[in-house]
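These notes concern the structure reproduced below.
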Amino acid sequence: MTPIRPDLDTLPAYVPGRTVPGAIKLASNEVSDPPAPPVLEAIARAAAGANRYPDLGVVELTARLAAVHDLEPERIAVGCGSVTICQQLVQATCVGPGDEVLFAWRSFEAYPIVTQIGAAAVRTVPLTADFRHDLDAMAAAVTERTRLVFVCSPNNPTGPAVHRAEFERFLAAVGPDVLVVLDEAYAEYVTDPDAVSGRPLLDGHPNLVVLRTFSKAYRMAGLRVGYALASAEVATALRKVCPPFSISAVAQAGAIAALEHSAEILAGCADVVSERDRVANALRGSGFTVPDSQANFVWLPLGERAAEFAAHCAERKVIVRPFPSDGVRVTVSTPQENDTLLDVAGAFAL
C-alpha cells in the first residue's frame with residue numbers, strides 16, 4: 001500500500017477566484033493594473049538568465065528590505081509568497097499531532113490548510129458580530145499546546161483591521177512562549193489611524209512575526225514574493241525550512257525594482273482606497289451590510305445567500321468570491337468595473 005498520509009483526504013482545498021473569459025474578475029484581490037514599467041523591465045532582464053539558479057540566500061532583496069524596515073538582514077526571511085511562509089511557520093513551531101495553531105474564523109482560508117499540512121491541530125475562535133477579531137476570546141483560547149497564532153489585519157475576507165491597543169493587550173495576555181503572527185498582506189491600504197502596525201512592536205516582542213507581501217499593493221501577485229520580519233532566531237528557522245531556490249530570480253529582480261520605485265507604485269493605493277469607500281457606501285445605499293474594510297476588497301455577509309448572489313453576478317459576467325454560508329468578498333477594481341458591479345448588485349433582490 002502506498003504510504004500516503006490518510007489525513008490528506010480531509011485536507012480542505014484552497015479555492016482560487018474563478019477566471020471566466022470576457023467577465024470582470026473581482027474574486028482574487030488582485031490589482032487591476034499590471035506591474036510598474038521598471039518592474040517589468042527588471043523581470044525581462046532577469047528572465048534572460050533563467051538558465052541559472054536564483055540566489056539561494058536572496059541576499060540583495062533581503063538587504064533592501066532590511067533598509068526599508070530598519071532591521072538587521074538576519075531578522076528578515078523571504079518566501080515564495082506569504083502563504084508559503086505561513087506553512088514554514090507551522091513547520092518550524094509544531095512538532096506533531098496535538099500541537100495547536102490558533103486563528104480567527106472566518107479568516108484567510110490558507111491557515112487551516114497549512115496547519116493540517118504541518119500535522120498540527122486547528123483551533124479557531126469566531127469573529128465578533130461586526131466581523132472583527134475577538135482578541136480577548138482568542139487569548140482565552142490559548143492552551144499549553146498552542147504553538148502559533150495567526151492574526152490577519154486587515155482580515156481577509158471580512159476587511160476590518162485590528163487596533164494597536166487591543167493587539168498589545170493580546171500580546172501581553174498570550175505571553176512570550178507562543179509565536180504570534182501578524183499577517184499584514186493588505187497593510188498599504190489601511191487608513192484607520194488606530195490600526196496596528198507590526199514593525200514598531202517587533203523589538204519589544206521577540207515572539208512577534210510580521211508578514212508582508214508584494215502580491216497586492218505592489219501588483220506582483222503572479223511572481224510570488226512575501227517576507228517575514230521577526231527575531232533573528234525565528235527568521236533563521238524560517239530559512240531552514242524554506243525550499244531551496246523557491247524565490248525565482250525573476251521574482252527577486254521584480255521585488256527589488258518595486259522597492260526602488262515604491263513611492264510611485266504605492267501612490268496608486270490612494271485610488272483603491274477612494275474606490276473602496278465609494279463602493280462600500282454605494283452597496284450600503286442598496287441595502288447591503290458592508291463592514292468597515294481597510295483592504296482592497298469589501299465583504300457582504302450574505303450568509304446562506306452567498307452562493308445565490310455569486311451566481312447572480314456570474315450570470316451578468318461579474319465574478320465575485322463566495323464563501324458558502326458566510327458571505328461574499330468583492331475585490332475593488334477600476335471605477336468602470338466597480339460601476340458594473342454596483343449595477344449588478346443593485347439588481348439583486350435582498
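Starting from 1, each residue takes its place in the sequence as its number. Because only heavy atoms are used, hydrogens play no part in the values below, and waters and symmetry mates are left out as well, while side chains stay in.
Judged by distance alone, with hydrogens and angles left aside, the side-chain atoms of Thr143 form a donor-acceptor pair with the main-chain N or O of Arg145 at under 3.5 Å. Using modelled atom types, one side-chain atom of Arg276 and one backbone atom of Ala295 make a donor-acceptor pair closer than 3.5 Å. Side chain of Gln88 to main chain of Leu238: a donor-acceptor pair is present (N/O by atom type, distance under 3.5 Å, no hydrogens or angles). The backbone N or O of Phe131 sits nowhere less than 3.5 Å from a side-chain atom of Arg106 that would complete a donor-acceptor pair. A donor-acceptor distance shorter than 3.5 angstrom exists from the side chain of Arg284 to the backbone of Val290, with no hydrogens or angles considered. At distances below 3.5 Å, not a single donor-acceptor pair connects side-chain atoms of Arg199 with backbone N or O atoms of Leu71. Remark: the backbone N or O of Ser32 is not paired with any side-chain donor or acceptor of Arg219 at under 3.5 angstrom. Thr84 places a side-chain N or O within 3.5 Å of a backbone atom of Cys80 that can act as its donor or acceptor partner. For the pair Asn207 (side chain) and Val178 (backbone), a donor-acceptor distance under 3.5 Å is present. A distance-only check finds a donor-acceptor pair linking the side chain of Gln252 to the backbone of Ile247 [under 3.5 Å].
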Fill in: side chain to side chain donor-acceptor pair (under 3.5 Å) evaluation trace for Asn29 with Arg329
CA-CA 9 Å; Asn29 296 346; Arg329 189 189 66 201; 3.3 Å; yes
Discussion item. If you apply the rule side-chain contact (heavy atoms from CB on, under 4.5 Å), what do you find for Phe103 with Val122, and how did you get there?
Written reply: CA-CA 8 Å; Phe103 46 88; Val122 171; 3.5 Å; yes
Discussion item. Determine whether Thr128 and Asp134 satisfy the following criterion, side chain to side chain donor-acceptor pair (under 3.5 Å), listing intermediate values before the conclusion.
Written reply: CA-CA 6 Å; Thr128 64; Asp134 188 341; over 6 Å; no
Fill in: Worked verdict on Glu275 versus Asn338 for side chain to side chain donor-acceptor pair (under 3.5 Å)
CA-CA 8 Å; Glu275 279 298 291; Asn338 294 335; 2.7 Å; yes
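Ring planes of Phe288 and Phe348: parallel class, angle under 30° (limits at 30 and 60°). Note: Phe214 and Tyr218 have tilted aromatic rings, judged against thresholds of 30 and 60 degrees for the angle between ring planes.
To the nearest 0.5 Å, atoms OG (Ser153) and OH (Tyr186) are separated by 12.0 Å.
Under the 4.0 Å criterion applied to side-chain N and carboxylate O atoms, Glu260 and Arg64 are assigned as salt-bridge partners. Under the 4.0 Å criterion applied to side-chain N and carboxylate O atoms, Arg278 and Asp339 are assigned as salt-bridge partners. Residues Glu166 and Arg169 are not paired through a salt bridge, judged by the lack of any N-O separation under 4.0 Å between the basic side chain and the carboxylate. A salt bridge links Glu188 and Arg212; the closest N-O separation between the charged side-chain nitrogens and carboxylate oxygens is under 4.0 Å.
The ring pair (Phe, Tyr, Trp, His ring centres under 6.0 Å) contacts involving residues 239-271 comprise Tyr53-Phe245, where partners must be two or more places apart or lie in separate chains.
Ser286 and Gly346 get closest at one heavy-atom pair: OG-CA, 4.3 Å.
Taking a 6.0 Å sphere around CZ of Arg52, one finds it holds 12 or fewer heavy atoms contributed by other residues, nucleotides or ligands.
Under a hydrophobic-cluster definition in which Ile, Leu, Val, Met, Phe, Trp and Tyr are linked whenever side-chain heavy atoms come within less than 4.5 Å, directly or via other members, Ile85 and Val210 are assigned to different clusters. Both Leu259 and Leu229 sit in one connected hydrophobic cluster of ILVMFWY residues. Membership requires side-chain heavy atoms under 4.5 Å apart, directly or through other members.
When the options Glu315, Glu308, Arg316 are evaluated for a side-chain hydrogen bond (donor to acceptor under 3.5 Å, both in side chains) with His312, the one that passes is Arg316.
In this structure the side chain of Phe170 never reaches within 4.5 angstrom of the side chain of Val162, judged on heavy atoms.
Ring centroid separation for the pair His205 and Phe167 does not come in under the 6.0 Å cut-off.
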